[in-house]
Each structure stands twice: as C-alpha cells, then as structure tokens.
Amino acid sequence: MGVLPRHLTKKTSQEKETQNVLRSLKKIIKQKLSVEEKINQITKLTAKELKVEACSFYIIRPGDVLELYATCGLDKKAVHETYLRIGEGLNGEVALTRKPLMVSNVWKHSGFVYKPETKELNLNSFAAVPVIHQDVLLGVLSIQKKEIHTFVEKEMDFLGVISMLISDLLLGVLKENTIKVASGRQHKKMDVVTLIQGLAIGKAYVHKRVVFENILSLDRHGEQKKLISAIRSVEEEISQKLLLPDITREQTDIFKTYLMFTRDKGWAKKINNAISSGLTAQASIQKVLNEITERMNMLSDPYIKERIHDFQDLANRIIRHLHGKQVASKKMPRNAILVAKSLGPVELLDYDLSKIKAIVLEEGSQTMHMTIVARSLNIPVVSGIKDISNSILNEDVLAVDATNGFLYINPSDEVLDDFDDRLKTYRRQQAQYLPLKHLPSETKDNVYVSLNINAGLPSDIVNTKSFSYDGIGLYRTELPFMSAQQLPDAKEQTQIYKKVFDEVGKKPVIFRTLDIGSDKILPYFENKKEENPAMGWRSIRITLDRRIILKTQLRAFIRAAAGRELKIMFPMITTIEELREAKKLFYLEIEREKLKSGVIPKVIKIGTMIEVPSLLFQLDELVQEVDFISIGTNDLAQFFYATDRGNPVIWDRYDVLSPVFLKALKKVSDACKKANIPCSICGEMASNTLGAFALIGIGFTNLSMNPAALGPVKGVVRTMEQAKTSLFIDKHLNDSVVSLRDLLKAYATDHGVLI
Ligand code: PEP
Ligand code: MG
C-alpha cells in the first residue's frame with residue numbers, strides 16, 4: 001500500500017497513483033533548476049496531492065531561527081521575510097521537539113503564532129514534520145488546510161517522504177558552503193573535551209557516512225530484495241569479526257548486540273513499510289534511523305543515548321552495502337586523525353588501526369562503546385566540537401592535544417614546530433620512562449614518593465597493568481551511577497567494588513563516596529535547577545540529605561572489602577560537622593554488618609578530601625577526625641580563585657603554581673605531618689610534570705594521577721632533589737607574583753629535572 005492518503009486513490013488504482021506521484025517528484029529533482037525552485041515545485045506538488053491549501057518549507061538559519069524558504073499557498077512576499085525562533089509557533093515547536101505535529105484547529109492551540117505577512121488567516125488545520133539529515137535539523141515542512149481536519153498517518157507518511165527528499169536536496173547546498181569555509185585553510189585552535197589523553201599530529205581523514213543517490217524507487221520488490229541481501233552481508237561481516245582471535249569481551253558483547261538488531265522483526269517491518277511507500281531501501285533505512293534517533297534522543301538516559309551511535313553504525317553499514325561501497329577506506333593516510341560526527345565501535349575496527357593516531361568527534365563520551373574500544377587500543381580521543389565533520393577536509397592538518405584539551409586545525413608553522421618538539425619530547429620521554437618502570441620512585445636525595453592512580457572503572461585498572469604504581473589514590477564511583485537507569489542497589493554496587501578489589505590485588509585503594517551534582521548529573525535523580533551548580537546541591541551535600549544513597553554505598557564498600565583493608569573518603573566536605581555526620585553513618589553501617597554477617601573490613605581508614613577552602617582554616621580540628629587527607633586541587637583551585645573549572649574563557653587565568661595556592665597546599669601538608677597522617681594530592685595538578693615537581697618540592701610525597709602520567713612523573717621524581725627544591729620554593733612563597741611557573745620551569749631545566 002502506498003503512502004498516498006486514501007482519498008487520493010481509488011483502491012484499484014492505488015499503485016498506479018503512487019507511481020505517478022513518484023514519477024512527478026523524480027522529474028522535479030532531475031530538472032536543471034536551483035534547489036530553492038525545486039523545493040518550491042515540491043511544495044506545490046505536495047499541496048496538490050494532499051489536497052491542502054498551503055505547503056511550506058522553513059529552513060534553519062544561523063542563530064537557530066527558521067526562515068520561510070519556499071511555499072505554495074502562503075503569500076510569496078513572505079518568503080525570506082518570515083522568521084520564527086526555535087520553539088516559536090507551531091513550526092518552531094516541531095523544530096524544537098523534532099517530532100511531527102498535527103493540529104486540527106490552530107486557533108485553539110496555545111502555541112500558534114499568527115504571522116500576518118503570510119496571509120494565513122483562513123487556514124485552520126496544520127501538520128508538519130522536521131527535516132533532518134543525520135541528526136542535524138535542516139528545517140520544517142508544513143501543510144495547512146482551510147477545513148478543520150485531523151491529519152491521518154498516511155498523510156504524515158507522505159510528508160515524511162517529502163521531507164527526506166528536501167533533506168537530500170539541501171545537502172548539496174550545505175556541502176558547497178562547507179567546502180568554501182574549509183578551503184580557506186585557516187589556522188584555528190579549539191577547545192575540546194578529552195576522552196582519552198595523548199598527543200598526535202596528522203592528516204585529517206573524515207569518516208563519512210554514505211550519502212545515497214536515489215531516494216525514490218518504483219521497484220518495491222527489487223528494493224526489498226536488495227535490503228535482505230545487504231542485511232545478510234552485514235550479519236556475515238559481523239559474524240566474521242566475532243571469530244577474530246584477539247577479540248575482547250567488550251567487543252564480543254557489542255557485536256552480539258548488533259546481530260540482535262539485524263534480526264529484530266519490528267525494525268525490518270518499519271523499513272519494509274517505508275520501501276512500500278516508494279522510498280529506496282537506502283532511504284528507508286535512513287528514514288527509520290532518523291525516527292529511532294529522534295525517539296532515543298528524547299530520553300534522558302545517557303546509556304540509551306550512547307546506544308544511538310551503535311544503531312547509526314549498524315544502519316550505515318547496511319546502507320554502505322546497498323551502495324556497494326567498501327566499508328572502510330583503503331585511502332586513509334598513514335598518520336591519520338580520524339574525524340567523525342560520531343563513530344561506532346565496529347566502524348572504528350573497520351579501519352587499519354595502525355594508521356590512526358587520534359580520533360576527533362563531534363559527539364562522544366567516556367562511556368560510549370567506541371571510547372571503551374579506543375582506550376583499549378591506546379588511541380587519544382577528543383570530542384565536543386560542533387560540526388567538525390563538515391568543516392574539515394581530508395587534506396587538513398590536525399594537531400590533537402588530548403592532554404590539555406586543544407585541537408589545532410591547519411596549525412601555523414610555529415605551532416607545528418612547537419607541537420613537533422612536544423611530540424618528540426613526549427616520545428623520547430615515553431621511551432625514557434620504560435627503563436624507569438622497575439626502579440624505585442625516589443628522588444636523588446632518597447625521598448620516596450608514592451605514585452598512585454585515579455580510576456573510575458574496573459577496566460581502568462586492567463588497562464594500567466603494564467605500569468608500576470602503588471595503589472589507587474582516588475576511585476571515582478560516579479560512572480556506574482551515571483550509566484545506570486536507576487540508583488544501583490547495594491548488591492550491584494558491592495559487585496562493582498569487589499571487582500575493583502580483585503583487579504587491584506594487594507594494592508590499597510581509596511574509594512570516594514558519590515560525588516554527583518555539578519557537572520555529574522544522574523538523569524533519573526532529582527535534578528534541581530541551580531544558578532551555580534558547582535557551588536550548589538552536590539556531592540556530600542546530596543548524600544547527607546538523601547542518606548539512603550550514602551548508607552547504601554557505605555554498606556556496599558563494607559561488604560566488598562570483607563576481610564580486607566577499606567579506605568574511603570568523602571568529597572566536598574565544607575564543615576567538620578559534615579564529616580562527623582558522614583563518619584557516624586559509616587560506623588552505624590559497620591555495626592549493622594557486624595550483626596548481620598559478622599564480617600567487616602580488617603582495617604578501616606576514613607579520610608576527607610579538601611576541595612573547599614573553608615577546611616584550610618580548620619586544619620587542626622580536621623586532622624583529629626581523619627586517618628588521611630587527599631586534596632582535590634581541581635575543585636579547590638576553582639573555589640580558591642572563584643573560577644569555574646569548566647569555563648575555557650577563564651580557566652587559565654589563575655595558576656595553581658601561584659605562591660599563594662602553593663602556600664595553601666603546604667599548610668595542609670605541614671598540618672598532616674604534624675598530626676602524623678598521610679596527605680596526598682589527587683587533582684590534575686599531580687598528573688602534570690611541573691605540578692608534581694612543585695608539589696614534591698613543598699613536601700608532598702604521595703600523588704595520585706591519571707595513569708598516563710605515571711611514567712613522566714616518575715621521571716620527575718628520579719631526577720629531582722627534594723631538599724634543594726624545597727629550599728628554592730620556600731624562598732619564593734612570599735613573592736608577589738601571579739605565578740611561579742616560569743621560575744620553576746627554569747630551575748627544573750637548569751637542574752636536569754625531566755619536566
Ligand atoms: C578534584 O576536585 O580535584 C577531584 C579530584 O575531584 P573531581 O575532579 O572528581 O571533582
Ligand atoms: Mg572534585
């Protein structure tokens with residue numbers, strides 16, 4: 001059955017009617033006309049076929065506004081003159097929600113905005129669909145009718161087909177524009193989000209998903225046959241991958257999920273329906289993919305959102321097979337920086353991985369499957385750059401600094417030289433660090449510096465097996481909470497923490513209680529809208545208010561540690577009272593466990609993080625309350641300087657290497673020494689060679705860092721003299737300067753320290 005509304009066709013001639021409309025549409029597309037004129041003609045044909053008085057297309061323009069671009073039925077003078085903001089009026093609502101909308105009487109709808117210049121006064125009913133290409137909104141296609149009318153599914157399906165046609169026509173225009181921008185080959189430096197640390201330089205290789213040539217087809221059976229054969233080929237391809245000898249457990253799970261999708265009857269039915277409506281198999285898959293993506297995007301669960309990439313990957317593989325294109329390109333240069341809007345894990349594995357030096361994504365996160373795979377391959381990954389896959393060309397040179405969070409596009413010779421030097425140093429140092437691996441982490445004057453790692457997933461520990469380190473100085477427990485659909489219960493958490501203990505063996509591990517809020521949002525948890533979330537209801541403030549969360553987690557720690565040493569610490573403590581309260585809850589759980597199972601940890605150590613400056617002024621009392629202290633310099637610096645740590649405009653305005661900040665840290669270290677309790681640093685400052693040098697210089701002998709920093713920091717430790725550095729820094733702690741960075745750098749270089 002065709003997509004055309006029932007009233008357009010006599011039952012006996014339905015097929016014929018569909019074919020006629022498709023032929024007319026094809027004729028319009030083939031004409032030598034501008035895209036705008038073609039879309040005008042399409043609106044005319046749509047209005048005629050759907051028996052409506054108006055059909056209009058609004059295009060999205062920079063600044064997120066919709067502009068009336070083509071119409072049949074509204075006043076032509078309004079074209080390029082009528083604008084709607086996203087969310088304004090009914091068309092704006094469709095753009096905002098990205099969902100079809102049907103309204104039988106617009107005058108009764110609170111969202112309707114009357115635009116007098118369009119002369120739409122006598123039009124009463126309305127329907128519209130978004131025009132989307134690969135997750136990017138291009139505009140809105142709407143129809144209006146005089147009669148008060150409820151639009152039916154068949155009419156909406158027809159609009160859906162037309163919206164795909166328009167999306168395809170517009171793509172040509174968009175491509176021309178982006179090429180113009182990119183061929184300017186400007187130097188550009190952009191802030192990026194680091195997903196996997198590292199440094200790389202190379203030629204861009206843009207991962208393009210296939211753009212199909214034909215949208216419409218008159219041969220329904222032929223398209224169905226092609227679809228079945230493409231799905232079979234993809235299944236075969238994935239099954240082959242499952243047989244690879246070095247396949248990991250994560251990869252096996254991912255591939256199996258793909259096979260489940262390809263065999264899903266509901267999905268196949270939807271695609272077949274789209275083929276029956278006159279679309280090619282390729283366009284049908286894209287249409288269904290768009291619908292599913294939109295639906296998944298509406299959900300707040302980050303886990304489901306991340307699965308969209310897997311789904312897009314699978315759909316694109318089938319489209320490639322239909323297109324007869326090779327899945328992975330052989331043309332990829334040797335030093336490639338793979339650029340993609342998003343990337344599925346299987347798509348990544350299609351490439352020759354030895355050629356990929358880094359990955360640059362528009363969308364990505366720590367927990368998406370692709371990142372998990374890239375981490376196991378040690379490929380640096382950055383994300384969060386809007387529209388990058390459209391604005392970069394294959395010949396562009398990219399320098400990825402996934403350590404400091406920058407991407408350089410076509411860098412100037414100066415940047416390139418500097419980067420080259422850093423890369424050489426980085427490689428040299430990496431090579432230099434290898435022999436250090438089994439040497440003690442001791443300064444030249446025999447001060448032992450304990451090197452620990454920060455981790456957040458059991459797999460982080462597995463991936464760090466080849467390094468030598470003393471323990472886990474910070475185990476962030478948020479990730480499993482962020483990727484779940486509800487708060488994990490005590491049993492689930494116990495399993496996770498047990499796994500951490502198992503992976504880490506005899507090494508000590510410090511678990512931090514849940515540090516949610518601020519930028520770590522749990523979609524299923526009550527999220528309050530706050531002016532300053534970093535200073536708002538977050539971390540220990542939440543878990544002390546919602547005690548069941550803290551109690552459950554403490555119970556899970558206790559059970560997981562049964563018979564072993566348990567070290568826990570509380571984040572964002574602001575007053576001693578909060579700490580006492582949290583400790584009280586912990587010991588209640590211990591009592592409970594004693595009664596219940598009789599098994600409690602062999603040794604218990606309770607610590608606090610120092611992240612809020614108020615604690616700097618209560619150190620004497622604080623040290624009496626805890627077994628250890630760990631300083632979170634990321635948050636401490638943000639509150640110390642009143643500088644949002646996530647705001648690139650100001651994040652390098654103040655320096656953690658200022659005399660005043662170093663003095664504050666030293667004060668903590670001195671107080672801990674006096675009280676004879678360990679004190680460590682677990683903020684990013686300890687992962688940076690110069691930062692670590694300064695910290696050891698002011699007396700810290702316990703650092704917890706990003707695993708990648710273990711080698712470089714050990715290089716610093718083994719080439720510095722603690723006592724001399726300490727004397728030097730002490731002399732400058734009262735300098736009235738913004739930063740001691742240059743001074744420290746010069747001193748370290750002069751004294752042969754490997755920074
Ligand atoms: C810190 O604030 O320094 C810290 C280690 O905690 P997080 O980065 O998880 O906020
Ligand atoms: Mg913090």
Side-chain angles (χ1 to χ4, degrees), residues 249-250 253-254 257 296 299-308 310 365-369 371-372 375 454-463 472 474-504 509-528 533 537-564 566-572 582 585-590 592-593 596-597 599-601 604 606 609:
R249 198 167 49 79
E250 278 104 344
D253 288 349
I254 296 164
T257 318
M296 284 165 112
L299 304 172
S300 51
D301 185 333
Y303 180 81
I304 295 188
K305 281 193 167 181
E306 277 156 22
R307 302 293 81 79
I308 294 175
D310 296 355
S365 74
Q366 295 280 0
T367 50
M368 70 191 265
H369 279 142
T371 319
I372 296 169
R375 190 177 291 123
N454 295 344
L457 283 173
S459 60
D460 289 342
I461 309 165
V462 180
N463 292 332
I472 300 187
L474 163 65
Y475 193 89
R476 293 181 165 102
T477 55
E478 296 78 44
L479 276 177
F481 284 78
M482 289 164 83
S483 57
Q485 294 177 33
Q486 60 196 36
L487 286 167
D489 61 21
K491 203 164 151 207
E492 286 165 300
Q493 289 188 57
T494 307
Q495 270 168 2
I496 298 170
Y497 308 141
K498 240 193 194 132
K499 198 151 180 232
V500 176
F501 276 121
D502 292 345
E503 292 295 354
V504 86
V509 44
I510 301 177
F511 287 100
R512 175 175 78 182
T513 64
L514 199 58
D515 184 26
I516 51 166
S518 188
D519 59 334
K520 296 175 202 146
I521 301 297
L522 306 185
Y524 50 84
F525 187 68
E526 37 182 327
N527 290 307
K528 299 188 190 302
W537 197 54
R538 59 173 287 202
S539 197
I540 195 76
R541 300 170 186 179
I542 294 183
T543 53
L544 279 179
D545 285 356
R546 301 285 178 269
R547 279 164 192 236
I548 185 69
I549 301 176
L550 185 56
K551 283 166 71 173
T552 309
Q553 188 173 38
L554 295 172
R555 195 171 308 158
F557 287 147
I558 295 167
R559 287 183 186 166
R564 297 189 244 203
L566 175 63
K567 286 179 154 187
I568 58 161
M569 65 181 176
F570 301 106
M572 279 296 286
L585 289 181
F586 176 80
Y587 284 108
L588 280 173
E589 285 306 316
I590 287 282
R592 191 175 183 273
E593 208 49 40
K596 202 156 188 259
S597 67
V599 189
I600 60 160
I604 292 169
I606 297 196
M609 289 188 77

Participant: Would you call the rings of F501 and F511 parallel, tilted or perpendicular, where under 30° means parallel and over 60° means perpendicular?
Facilitator: perpendicular

Participant: Does the side chain of Y475 reach to within under 4.5 Å of the side chain of V504, using non-hydrogen atoms?
Facilitator: no

Participant: Do Q493 and F481 make a side-chain contact, defined as non-hydrogen atoms from C-beta onward lying under 4.5 Å apart?
Facilitator: yes

Participant: Quick check for you: to the nearest 0.5 Å, what is the distance between I540 atom CD1 and M609 atom CE?
Facilitator: 11.5 Å

Participant: Under a 4.0 Å N-O cut-off, is there an ion pair linking R538 with D515?
Facilitator: yes

Participant: Run the side-chain contact (heavy atoms from CB on, under 4.5 Å) test on F586 and L550 for me, step by step, so that the C-alpha distance in whole Å, both residues' side-chain angles and the decisive distance to 0.1 Å come before the verdict.
Facilitator: CA-CA 9 Å; F586 176 80; L550 185 56; over 6 Å; no

Participant: Supply the atom-to-atom distance R564 CZ to K498 NZ, rounded to the nearest 0.5 angstrom.
Facilitator: 8.0 Å

Participant: Applying side-chain contact (heavy atoms from CB on, under 4.5 Å) to L585 and L554, what does each step give before you reach the verdict?
Facilitator: CA-CA 8 Å; L585 289 181; L554 295 172; 4.2 Å; yes

Participant: Main chain of V599, side chain of E593: is a donor-acceptor contact present, judged purely on distance under 3.5 Å?
Facilitator: no

Participant: Got a donor-acceptor contact below 3.5 angstrom from the T477 side chain to the R512 backbone?
Facilitator: yes

Participant: Using the side-chain contact (heavy atoms from CB on, under 4.5 Å) rule, take T543 and F570 through it: C-alpha gap first, then chi angles, then the decisive distance, then the call.
Facilitator: CA-CA 10 Å; T543 53; F570 301 106; over 6 Å; no

Participant: Could you state the interatomic distance from CD1 (I549) to CD1 (I516), rounded to the nearest 0.5 Å?
Facilitator: 5.5 Å

Participant: Looking at every non-hydrogen atom in both residues, tell me the closest pair between A561 and L566 and how far apart they are.
Facilitator: CB-CB, 3.8 Å

Participant: Do E478 and L514 touch side chain to side chain, with heavy atoms closer than 4.5 Å?
Facilitator: yes

Participant: Would N454 and R476 count as a side-chain contact (heavy atoms from CB on, under 4.5 Å) if you check the C-alpha gap in whole Å, the side-chain angles of each, and the deciding distance to 0.1 Å?
Facilitator: CA-CA 8 Å; N454 295 344; R476 293 181 165 102; 4.1 Å; yes

Participant: Could you tell me whether the side chain of R547 and the main chain of L544 form a donor-acceptor pair under 3.5 Å?
Facilitator: yes

Participant: Check whether any side-chain heavy atom of I568 lies under 4.5 Å from a side-chain heavy atom of I510, and answer yes or no.
Facilitator: no

Participant: Is any NZ, NE, NH1 or NH2 atom of the basic residue among D489 and R555 found under 4.0 Å from an Asp or Glu carboxylate oxygen of the other?
Facilitator: no

Participant: Quick one: CD on E492 to CG on L487, what's the gap to the nearest 0.5 Å?
Facilitator: 10.0 Å

Participant: Is the closest side-chain heavy-atom distance between P601 and I590 below 4.5 Å?
Facilitator: yes

